[in-house]
Q: 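Okay, here's the structure, questions in a sec.
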Amino acid sequence: MALASVITFFLLCCSAIGSQGCDQFVAVGGNFTVPLGYQLKPADSLKWRFNGIIIFHKRPVTLILGKNDDINDDGSLKLTNLKKNQAGLYTAEVHGKNRMQQDTKSTNLCTLDPVKKPTVNITCLASEVVFTCSHDPQPDGINQHDVIQYKWLQDGEVIVDETETSLTRSSAESRDMNFSCEVYNQASSEKSDSFTHGCVSNEAELE
Ligand SMILES: *[C@@H]1O[C@H](CO)[C@@H](O)[C@H](O)[C@H]1NC(C)=O
Ligand SMILES: *[C@@H]1O[C@H](CO)[C@@H](O)[C@H](O)[C@H]1NC(C)=O
Ligand SMILES: *[C@@H]1O[C@H](CO)[C@@H](O)[C@H](O)[C@H]1NC(C)=O
């Protein structure tokens, strides 16, 4: 019991701290170019560090660590098919011809599971139609950035202020309109196909 709560506390405390100050969110499996924040010159030497550990080192004519393909011509670092364990702090060190250290940018990169393509369920009520946005569950997230948010689109245009998982419309007024939903988190978004409802309004009969 006591041990479990210590572990829980540790997870809450330290994942919360770790997720603060994310400069950039990238979906797991995605690509990202870490900017250098400096225009690299041919005579510069460049080091990239990940969480303090050197992962790339190049002198003007010699490659000391890593592959030429790890960076772009401007010195930015290429990350492809990102894994969760590549989240962390990327820092660069550039020394010019005169050995002077140049100012560069550091990036605290956070990863999130990408959202999955949603589908829309349609429920016909007496005079209304309810569209429900559903998707396969996300892996359990442990920080607030994992939160999934919703948007609704009518004929491709975002409907302002509709951010719940379901959308209710008068079935008569929404005939022949296309509705779709979009799910997103801080790193990715996916749109459903669009749907037209086939609900018959019973409003006249009820009155
Ligand atoms: C990431 O980059 C690789 C190699 O350039 C490419 O094949 C892949 O399609 C890219 N992935 C995404 C999600 O853009
Ligand atoms: C949507 O419809 C599918 C298939 O009819 C069903 O399995 C699923 O539970 C429904 N989801 C919601 C959120 O109603
Ligand atoms: C709704 O979607 C259908 C099929 O994609 C399209 O032919 C139609 O023009 C769309 N209607 C509107 C109002 O956008």
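Each ligand, and each atom within it, is numbered from 1 in the order the structure gives. Just so we're clear, the structure is a prediction, and the values are computed from it rather than from any experiment. The basis for the numbers below is simple: all heavy atoms, side chains too, and nothing from hydrogens, waters or symmetry mates.
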Q: Residues two or more places apart in sequence or in another chain: which of them pass ring-ring contact (aromatic ring centres under 6.0 Å, His included) with Tyr150?
A: His135

Q: Might you point out which heavy atoms bring Ser76 and Pro35 nearest each other, and give the distance in Å?
A: CB-CA, 4.1 Å

Q: Check whether any side-chain heavy atom of Trp48 sits under 4.5 Å from a side-chain heavy atom of Ile53, and report yes or no.
A: no

Q: Any chance the rings of Phe179 and Phe195 have centres within less than 6.0 Å?
A: no

Q: Would you say atom 11 (N) of ligand 1 has a protein heavy atom nearer than 4.0 Å?
A: yes

Q: Starting from atom 4 (C) of ligand 1, which protein heavy atom do you reach first, and at what distance in Å?
A: Thr80 CG2, 4.4 Å

Q: Taking atom 2 (O) of ligand 1 as the reference point, report whether a protein heavy atom occurs under 4.0 Å from it.
A: yes

Q: Which residue supplies the protein heavy atom nearest to atom 13 (C) of ligand 1, what is that atom called, and how far is it?
A: Gly29 O, 4.2 Å

Q: Only counting residues at least two apart or in another chain, list the ones meeting salt bridge (Lys or Arg N to Asp or Glu O under 4.0 Å) with Glu162.
A: Arg169

Q: Could you find the nearest protein heavy atom to atom 6 (C) of ligand 1 and give me its residue, atom name and distance?
A: Asn31 ND2, 4.2 Å

